[in-house]
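The structure under discussion appears below in the form of structure tokens.
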Amino acid sequence: MVLRFDPWHSASRSHYGIKPHMLTKARGIAAGQLAQAAGVNLETVRYYETIGLMPAPPRTSGGHRVYDDAHVRRLAFIRRGRELGFSIDEIRALLILNDPRHGSCAEVKDIASTHLTEVRRKLADLTRLESILAASVARCTSEPLAPCPVLDMLGPEASSPDAALKTLDRSLDGLRHDRRTGDRA
């Protein structure tokens, strides 16, 4: 079979028989490739689309989603924001501010400063919890039938870190008393 160039036939399409608008869509990437390129799970991509963090991508004539480099950059931005502990709402605001037409470094600074304050509060809480747990483990005698400071710290009387410390101190006082008198619980 010999193909000849027919100017009447090729007038409605390119020389390769591919319509230009299909060519641009074919150059995109699939959802799985997008997820891999941004370092997230495919379910994460779908979730971010559902909640509006990711824009709806164009679709092929077969209905498949097709993503481009802008989607990869946006998804990587969201992933990094989540890694840094920003909430979905904070990331939504940062995405809007990331647009040069809407961006303001002062507004970004306000969001980041608020987040930094929250991170510092969580660090202080974690430091307190670490000291409570370390003290409980250090005071554990590992003796059979002895009161266990770790279990006492986890009990219902220890509903807060301060209550856990008080419970721990009470159990240690009892343990010291038992050792002085030679009693066993």
Taken to the nearest 0.5 Å, the spacing of Leu95 CG from Arg74 CZ works out to 4.5 Å
Approximate separation, where rounding is to 0.5 Å, of Arg92 CZ and Phe86 CZ: 15.5 Å
Exam field: side chain Arg65 to backbone Ala56, donor-acceptor pair closer than 3.5 Å: no
Side chain His115, main chain Leu84, donor-acceptor under 3.5 Å: yes
Quick check: is Val137 connected to Leu151 through a chain of hydrophobic side chains (ILVMFWY, heavy atoms under 4.5 Å apart)? no
Salt bridge present between Arg46 and Glu43 (N-O < 4.0 angstrom): no
Are Leu53 and Tyr47 packed together at the side-chain level, in the sense that at least one heavy-atom pair is separated by less than 4.5 angstrom? no
Would you name the heavy atoms of Gly63 and Arg59 that are closest together and state the gap between them? O-NH1, 2.8 Å
Non-hydrogen side-chain atoms of Thr44 and Ile78 separated by less than 4.5 Å: no
If you measure from CD1 on Ile88 to OH on Tyr48, what distance do you get to the nearest 0.5 Å? 5.0 Å
For Pro57 versus Val66, what's the shortest heavy-atom pair and its separation? CB-O, 3.4 Å
Exam field: side chain Asp99 to backbone Arg101, donor-acceptor pair closer than 3.5 Å: yes
Looking only at atom types and distance, does a side-chain atom of Arg79 sit under 3.5 Å from a main-chain N or O of Ala38, one as donor and one as acceptor? yes
Under 4.5 Å between any side-chain heavy atoms of Ile111 and Leu97, yes or no? yes
Between NZ of Lys122 and CG of Asp125, what distance do you get to the nearest 0.5 Å? 9.5 Å
Heavy-atom distance under 4.5 Å between the side chains of Val45 and Met54, does that happen here? no
Taking the side chain as C-beta and beyond, is there a heavy-atom pair between Gln36 and Leu42 under 4.5 Å? no
Would a single hydrophobic cluster contain both Leu126 and Leu133, if residues Ile, Leu, Val, Met, Phe, Trp and Tyr are joined by side-chain heavy-atom contacts under 4.5 Å? no
Please report the interatomic distance CD1(Ile91) to CD1(Ile96), rounded to the nearest 0.5 Å. 12.5 Å
In this structure, NZ of Lys109 is separated from CG of Leu116 (nearest 0.5 Å) by 11.0 Å
Could you check whether any side-chain N or O of Asp68 sits under 3.5 Å from a backbone N or O of His71, counting only pairs where one atom can act as donor and the other as acceptor? yes
Within 6.0 Å of CZ in Arg121, more than 12 heavy atoms from elsewhere: yes
